A.B. asks: 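Mind looking over this structure? Questions follow.
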Amino acid sequence: MNVMILGAGGREHALTWKISQSDDVDNIFVLPGNYGISKEKKVTIVNSKNYQNKDYLNFAIQNNVELVVVGPEEPLVNGIVDIFEEYGIKIFGPNKNSAMLEGSKEFCKDFFSNNNIPTAHYKTFNSTVGLKEHIDSQVMPIVIKVDNLAAGKGVFIVEEKDECLKIAKNLLSTGYNGIAAEKIIIEDFLKGEEASFMCIVAKNKQIIPLTSSKDHKKLLDGDLGLNTGGMGAYSPTNLIDDKMEKKVIDNIIKPTVDGLAKMGIEYTGFLYAGLMIDKEGNPFVLEYNCRLGDPEAQSILMRLDCDLFKLLNKSLDVNSQKIKIIWKKSHACTVVLASDGYPLKYKKNIVINDTGTDNNNTKIFHSGTVFDGTNTVTNGGRVLSITALGNDLEESVRNAYARVGEINWDGMVYRKDIAKKEIEKKFIFS
Ligand code: AMP
Ligand code: GLY
């Protein structure tokens with residue numbers, strides 16, 4: 001069978017690598033992919049610059065594609081699933097209405113509130129009317145979020161009321177740090193530990209947990225510096241044990257799927273809840289993503305011990321019996337190597353001296369690379385995501401950093417403390 005995968009990052013490299021291992025798969029077209037992805041078995045990279053939804057559909061029809069897997073949120077929010085479903089080509093991901101959970105923070109927050117799903121208290125503003133009074137009545141710090149998609153740059157945690165008012169006003173008018181918004185949400189700052197819970201919501205209504213993982217969103221060691229797309233991850237995490245997984249499914253995921261169903265919206269695809277778990281062990285949703293996390297996907301897919309292509313296909317079949325998923329007992333750790341300056345301005349086209357080699361325990365996923373005819377060069381903020389397995393968390397971390405030590409380019413930056421908090425039992429409740 002022919003598969004088409006949309007996206008260009010480390011998550012899509014991991015999806016491609018895992019799907020290419022299936023005996024059922026003949027060809028994989030990745031649009032637009034990256035250099036690392038182009039090196040995987042069965043893969044053809046397709047330059048899809050300026051493609052609209054109808055161009056993806058035409059490509060799929062012309063190339064006998066039987067399954068489409070969508071990596072990033074943007075095409076999902078733009079309704080690519082609806083177009084493929086209407087034509088009758090299988091596509092894995094939520095439709096446009098379901099992807100609103102990620103596409104609009106206001107929709108998502110109102111949905112939580114209407115369905116008693118635990119989240120931070122919030123208020124939405126589409127103008128500055130009442131803004132100052134509201135901010136004055138809040139306990140600092142508070143969180144400002146832009147309603148629309150902002151590629152991870154739309155969240156501001158602010159300590160001072162004056163600063164908060166300034167940022168909020170700017171966001172609603174000319175913009176702040178290059179981000180502008182028609183609507184903003186101002187919400188309470190929640191204290192606790194963050195973890196990522198991802199699952200598949202299958203057409204047979206089954207919720208299939210995709211083990212547990214933890215991201216490291218801040219740029220610098222010790223969770224300092226700017227927010228990024230994610231600087232490293234590991235899986236599993238003690239933050240989500242079996243009891244917590246049940247709580248998350250019962251109190252968050254099931255009410256979400258049921259709440260959407262009541263609105264006539266059927267959710268299918270990956271669903272990712274960014275959680276904050278408080279000191280008492282109560283999970284709150286910070287945000288929903290309608291896709292896998294990056295770099296969490298790299299860690300979890302390294303641990304997946306069954307055929308991903310078959311798993312996705314079964315998940316799209318309304319008649320599937322109970323779908324089983326198998327995980328390796330090993331732990332996985334992913335360290336993201338990024339360009340100096342990320343998540344703001346950074347240089348591209350820097351020669352990577354050695355991109356390293358894969359072995360049984362380690363996989364070098366490419367997040368932003370291109371081949372310039374002679375060398376592999378950087379082509380993004382996040383460049384490589386080095387992922388390693390180990391018998392325990394410590395070993396997976398050691399294996400990942402051992403491989404990191406073999407790679408370098410001018411301006412390579414990375415966090416040196418991935419998983420340290422868990423290993424040193426520094427969580428607020430450990
Ligand atoms: P989001 O894109 O909504 O996940 O927000 C990005 C990051 O901002 C999260 O990973 C948290 O670290 C932080 N954050 C977002 N909302 C809150 C909140 N209500 N309380 C505390 N931290 C938050
Ligand atoms: N790693 C966080 C995200 O993918 O949104």
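Atoms within each ligand, like the ligands themselves, are counted from 1 in listed order. Note that the coordinates shown come from a computational prediction; the quantities given were computed from them, not determined experimentally.
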A.B. asks: Would you confirm whether Ser235, through its side chain, and Ala332, through its main-chain N or O, come within 3.5 Å as a donor-acceptor pair?
C.D. replies: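 Side chain of Ser235 to backbone of Ala332, a donor-acceptor pair under 3.5 Å: no, none is there.
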A.B. asks: Identify the protein heavy atom lying closest to atom 5 (O) of ligand 1, giving its residue, its atom name and the separation to 0.1 Å.
C.D. replies: Val155 CG2, 3.5 Å
A.B. asks: Just to be sure I'm reading this right: ignoring hydrogens, which of Met198, Arg291, Glu287 gets closest to atom 5 (O) of ligand 2? Compare them by their nearest heavy atoms.
C.D. replies: Arg291
A.B. asks: Counting distance only, does the side-chain N/O of Ser213 pair as donor-acceptor with the main-chain N or O of Pro236 below 3.5 Å?
C.D. replies: no
A.B. asks: Which one holds for Asp215 and ligand 1: side chain close, backbone close, both close, or neither close, with close meaning a heavy atom under 4.0 Å?
C.D. replies: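 It is neither; nothing of Asp215 touches ligand 1.
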A.B. asks: Please check: side-chain N/O of Asp221 versus main-chain N/O of Lys416, any donor-acceptor pairing under 3.5 Å?
C.D. replies: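 Looks like yes, one N/O pair under 3.5 Å.
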A.B. asks: Taking N or O atoms only and a 3.5 Å limit, does Gly293 qualify as a polar contact for ligand 2?
C.D. replies: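 No, no N or O pair falls under 3.5 Å.
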A.B. asks: Closest non-hydrogen protein atom to atom 12 (O) of ligand 1, residue and atom name please, with distance?
C.D. replies: Glu194 OE2, 2.4 Å
A.B. asks: Just to confirm my output: which protein heavy-atom neighbour is closest to atom 20 (N) of ligand 1, and how far is it?
C.D. replies: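 Result: Leu190 N, 2.8 Å.
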A.B. asks: Return the residue, atom name and 0.1 Å-rounded distance of the protein heavy atom closest to atom 19 (N) of ligand 1.
C.D. replies: Glu187 OE2, 2.7 Å
A.B. asks: Show the atoms of ligand 1 that are less than 4.0 angstrom away from any heavy atom in Lys217.
C.D. replies: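 Ligand 1 atoms under the 4.0 Å threshold to Lys217: 4 (O), 10 (O).
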A.B. asks: Go through ligand 2 atom by atom and flag the ones less than 4.0 Å from a non-hydrogen atom of Asn289.
C.D. replies: 5 (O)
A.B. asks: For ligand 2, which atoms have a heavy atom of Glu296 less than 4.0 angstrom away?
C.D. replies: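 Under 4.0 Å from Glu296, ligand 2 has these atoms: 1 (N), 2 (C).
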A.B. asks: Note the single closest protein heavy atom to atom 7 (C) of ligand 1, along with its residue, its atom name and the distance in Å.
C.D. replies: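 For this ligand atom, the closest protein heavy atom is Asn227 ND2, 3.7 Å.
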A.B. asks: Under 4.0 angstrom from ligand 1, any heavy atom of Ile157?
C.D. replies: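 Yes, that is the case, since the closest heavy atom of the residue is under 4.0 Å from the ligand.
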A.B. asks: After noting the C-alpha distance and the side-chain angles of Asp223 and Arg415, does the key distance pass the salt bridge (charged side-chain N to carboxylate O under 4.0 Å, His left out) rule?
C.D. replies: CA-CA 9 Å; Asp223 292 328; Arg415 275 184 66 159; 3.0 Å; yes
A.B. asks: Please work out whether the ring planes of Tyr288 and Phe112 are parallel, tilted or perpendicular, with thresholds of 30° and 60°.
C.D. replies: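 The arrangement is tilted - the two ring planes meet at 30° to 60°.
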A.B. asks: To the nearest 0.1 Å, how far is atom 3 (O) of ligand 1 from its closest protein heavy atom, and which atom is that?
C.D. replies: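 Checking every protein heavy atom, the shortest distance to atom 3 (O) of ligand 1 gives Lys145 NZ, 3.0 Å.
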A.B. asks: For Glu106, does its backbone N or O pair with a side-chain atom of Asp147 as donor and acceptor, under 3.5 Å?
C.D. replies: yes
A.B. asks: Parallel, tilted or perpendicular: which describes the rings of Tyr51 and Phe59, with under 30° parallel and over 60° perpendicular?
C.D. replies: tilted
A.B. asks: Return the closest protein heavy atom for atom 17 (C) of ligand 1 as residue, atom name and distance.
C.D. replies: Leu286 CD2, 3.5 Å
A.B. asks: Using a strict 4.0 Å cut-off to heavy atoms of Asp188, name the atoms of ligand 1 that fall inside it.
C.D. replies: 18 (C), 19 (N), 20 (N)
A.B. asks: Give a yes-or-no answer on whether the side chains of Lys109 and Thr119 include a donor-acceptor pair shorter than 3.5 Å.
C.D. replies: yes
A.B. asks: Do Lys18 and Glu40 make a side-chain contact, defined as non-hydrogen atoms from C-beta onward lying under 4.5 Å apart?
C.D. replies: no
A.B. asks: Can a non-hydrogen atom of Lys217 be found less than 4.0 Å from any atom of ligand 2?
C.D. replies: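 Yes.
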A.B. asks: Suppose we measure from atom 2 (O) of ligand 1 to each protein heavy atom; which comes out shortest, and what is that distance?
C.D. replies: Glu287 OE1, 3.3 Å
A.B. asks: Under a 4.0 Å heavy-atom limit, does Met276 contact ligand 1 with its side chain, its backbone, both, or neither?
C.D. replies: side chain
A.B. asks: Could you check whether any side-chain N or O of Lys161 sits under 3.5 Å from a backbone N or O of Gln138, counting only pairs where one atom can act as donor and the other as acceptor?
C.D. replies: yes
A.B. asks: Could an N or O of ligand 2 be found under 3.5 Å from any N or O of Asp215, whether backbone or side chain?
C.D. replies: yes
A.B. asks: Any donor-acceptor pair under 3.5 Å linking the side-chain atoms of Ser196 with those of Glu296?
C.D. replies: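 There is such a pair between these side chains.
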A.B. asks: Using 30° and 60° as the class limits, which term best fits the ring planes of His13 and Phe365: parallel, tilted or perpendicular?
C.D. replies: perpendicular
